[in-house]
Amino acid sequence: MFSKGELEIQETIIVLFVFVVIAMIGFVMFFRYSEARISSENQEFVMNRDKIMSVVFPNNAEIGCSVGGDRGGKPIACVDALKMLKFGKLERELGNKVMKVMRVYPKESGVVFENGEARGQIACTENNIGRCNSWVLHDGRAEGMTMSFSMKTPVLIYEPVSGSYGVGVFVLEEWVSNE
Amino acid sequence: MLNKKGQGQQFNWLFIAVAGAVILVFFTIFTFKYIEIKKIEENVQVSRALGQTITSLLSHGGIDYTVTSANKEEGGFKVGLFAEVKDECRCVDDNCINMISINDDSYSEQRVEGQVMFMPSSVRTNAFEAWIYPWYYPFYVTSFIYLIEPGKKIYLVYDSANVKFAESVRDELERLNLDFSVEFAKNADGSSEGDKVVYFTSGKPSDGELWVIAPKGDSDAGRAVYLDSGEEVEFVGLPFLFGAMFSDSAENYKCNYAIASKRFSDVSSVYSGKAGLMQSIVRNEECDFVMFRGALGSLVGSFGKEGAFKFRDRVIELNDELAGRDCGYVF
């Protein structure tokens, strides 16, 4: 049999042991949570940064239009209909995104948006230049993916051959794997 | 009896000491780990502030000649507390990217993809002077990002044979109106530690950071030597030369040169394709886009070489000629 004093010490050891175990669990959880929070905030930041960069993507020289001559090919704020046809042939790592430009004006030959759905799209190829209204710049979708994010930005579309301008939307979609 | 009581007391003290030590160790570890987490948070915040500055600059595109962000403060963009900011440009196969990290912390790593960015490979600072500079060759290709410590003094040391080129560099740096002073001198006697000394001389200097071998004649392709490592790099025009001046590592410079070359090759390929499409659409015998495509191909092939400027000028000439014949501008 244990004496009263010995029992008290054993109780204290048990209390201390339980305290240490609980504190250690709390300690590990707190730091795991802190690390996870930092990682997720970082991911969110990178995603937001990528979104901003995607919105300004039409300014890139690979699709943006320029006015030559004495202005030295200075870029102006629009996209070039012919350059967009060639952009898809570049080897670019753009991930699981869909990037396209749809012309909505002039109205008679443009895409019509009804309840967020684009209707009357005619995909642009090298054989129907001037008679189409939708340019797919990149399609990184794969089987079993769902759209996680979509954004539309207005753009000015320049047709270099006719020298005319149209109004369109630059559509950016982010697709993620379901797994 | 007394002996047993004494043993009990001794055990009590031992127990208190062990329990106290356990608690003390626990709180010590907690404190250190907490400080570590707080440091990670600070590093991540600095990294984000830097990322926002870069995004803000890039979102201006190449429409303006030189752009600094609207929220620019005196003494550069504040990025938070003093931190060791590192830039490492890495290439895997043909794909090169800049990777920024703060205080060597993996949580703070940030990829700057597809962009040409020149900055010191490692710098301890709490602010940056940041700007972008559009690169035309001869059409707009991309905008280069530059990040340097504010308040730096840059010595441009010249000799009589290279004074003209050195003057053009000085004038452009002064025109940018950024937070660093430019000293134009025949020697670097007045320079002190921390100043950047760039030589535009015929002979190789014994000290300083960079020795610039100016382009010959009408060419815009020159060479620069990093004086500490002795490595030689090529530059094409002032945007690249500024890159060599503000990047202290030949490896990082070469990696960013590779990014710029890839962008140039991509944009040229798009323009070549566009010219091909224009040829098939424009039904005008006077519109010969084949010649334009040939000159563009030669320009891409000779990029970085001394004679490339001749193809660059030919491409401009043919572009203007096509526009003059109502065939339309390619760029």
Side-chain angles (χ1 to χ4, degrees), chain A residues 3 5-6 9 12-13 16-17 19-20 23-24 27 30-31 34-35 37-39 41-42 45-46 48-50 52-53 55-56 58-70 72-77 80-87 89-93 126 129-130 160-163, chain B residues 8 11-12 15 18-19 22-23 26 29-30 33-34 36-37 40-41 44 47-48 51-52 54-56 58-63 94-95 107-108 110-111 113-114 134 136 138-142 263 266-267 269-274 276-278 280-282 316 319-320 322-323 328-331:
Chain A
S3 67
E6 280 172 333
I9 287 171
T12 316
I13 289 171
L16 195 69
F17 177 75
F19 166 76
V20 168
M24 287 303 269
F27 181 73
F30 172 71
F31 290 113
S34 297
E35 282 174 353
R37 181 174 52 83
I38 292 168
S39 287
E41 279 177 8
N42 235 4
F45 170 77
V46 171
N48 283 333
R49 189 197 63 182
D50 288 351
I52 295 168
M53 290 318 297
V55 171
V56 296
N59 291 346
N60 275 338
E62 286 85 344
I63 63 163
C65 45
S66 59
V67 174
D70 54 2
K74 197 170 167 63
I76 54 172
D80 186 317
L82 293 184
K83 279 166 110 179
M84 284 195 286
L85 284 174
K86 292 290 171 188
F87 179 81
K89 295 195 167 61
L90 298 177
E91 279 178 34
R92 281 289 181 92
E93 193 49 62
E126 293 182 10
I129 293 165
V161 179
S162 62
Chain B
F11 182 74
N12 270 351
F15 172 71
V18 170
V22 167
I23 292 167
F26 172 76
I29 293 173
F30 182 85
K33 204 70 182 138
Y34 190 74
E36 201 180 297
I37 289 281
I40 291 174
E41 276 183 354
V44 169
S47 171
R48 278 182 211 157
Q52 274 164 358
I54 294 167
T55 311
S56 152
L58 287 172
S59 62
H60 287 80
I63 295 159
D94 278 350
N95 193 25
Y107 283 96
S108 69
Q110 211 178 132
R111 295 156 68 94
E113 278 175 87
Y136 290 84
F139 35 78
Y140 172 69
V141 180
T142 184
R263 292 292 299 267
D266 281 356
V267 177
S269 149
V270 167
Y271 276 123
S272 179
K274 181 182 169 181
L277 290 174
M278 287 172 88
S280 63
I281 302 162
V282 180
I316 296 172
N319 187 50
D320 287 343
L322 286 166
Y329 282 116
V330 181
F331 64 88

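We use all heavy atoms of the structure for the numbers below, so side chains are in, but hydrogens, waters and symmetry mates are not. Order of the sequence lines sets the chain letters (A, B, ...), proteins ahead of strands, with each chain counted from 1.
- A donor-acceptor contact closer than 3.5 angstrom links the side chains of B:Tyr271 and A:Ser66.
- For chain A, the nearby part of B:Phe15 is the side chain; its heavy atoms alone come within less than 4.5 Å.
- Contact annotation: the side chain of A:Leu90 approaches that of B:Val270 to within less than 4.5 Å [non-hydrogen atoms, C-beta and beyond].
- The part of B:Ile281 that comes within reach of chain A is its side chain, from C-beta onward, which places non-hydrogen atoms under 4.5 angstrom from that chain.
- The line from CG of A:Asn48 to OG1 of B:Thr55 is 10.0 Å long, rounded to the nearest 0.5 Å.
- Taking B:Ile54, B:Val18, B:Ile29, B:Val330 one by one and counting their heavy-atom pairs under 4.5 Å with chain A, the maximum is reached by B:Ile29.
- Without hydrogens or angle criteria, A:Asn42 side chain to B:Tyr107 main chain gives a donor-acceptor distance under 3.5 Å.
- Heavy atoms closer than 4.5 Å to chain B are found nowhere in A:Ile63, neither backbone nor side chain.
- With contacts defined as side-chain heavy-atom distances shorter than 4.5 Å, the pair A:Val20/B:Phe26 does not qualify.
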(request) Take A:Phe45 and B:Gln110 through the side chain to side chain contact (heavy atoms under 4.5 Å, CB included) test and state the conclusion after the steps. (result) CA-CA 10 Å; A:Phe45 170 77; B:Gln110 211 178 132; 3.6 Å; yes
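- Heavy atoms closer than 4.5 Å to chain A are found in both the backbone and the side chain of B:Gln52.
- Note on A:Met84, A:Glu91, A:Arg92: by heavy-atom pairs under 4.5 Å with chain B, the leading option is A:Arg92.
- Contact of B:Val22 with chain A is made through the side chain alone, with heavy-atom distances under 4.5 Å.
- For chain B, the option among A:Lys83, A:Arg37, A:Met24 with the highest count of heavy-atom pairs below 4.5 Å is A:Lys83.
- Top candidate by heavy-atom pairs under 4.5 Å with chain B, chosen from A:Met53, A:Glu93, A:Arg49, is A:Arg49.
- Each of B:Ile40, B:Ile23, B:Val267 has some count of heavy-atom pairs under 4.5 Å with chain A, and the biggest count is that of B:Val267.
- Put simply, of B:Thr142, B:Val44, B:Asn95, the one with the most heavy-atom pairs under 4.5 Å next to chain A is B:Val44.
- Taking the six-membered ring for Trp and the full ring otherwise, the centers of A:Phe27 and B:Tyr34 sit at least 6.0 Å from each other.
- For B:Ala323, no part lies under 4.5 angstrom from a heavy atom of chain A.
- Between A:Asp50 and B:Glu113 the shortest side-chain heavy-atom distance does not fall below 4.5 Å.
- The side-chain heavy atoms of A:Asp80 and B:Lys274, taken from C-beta on, include a pair separated by under 4.5 Å.
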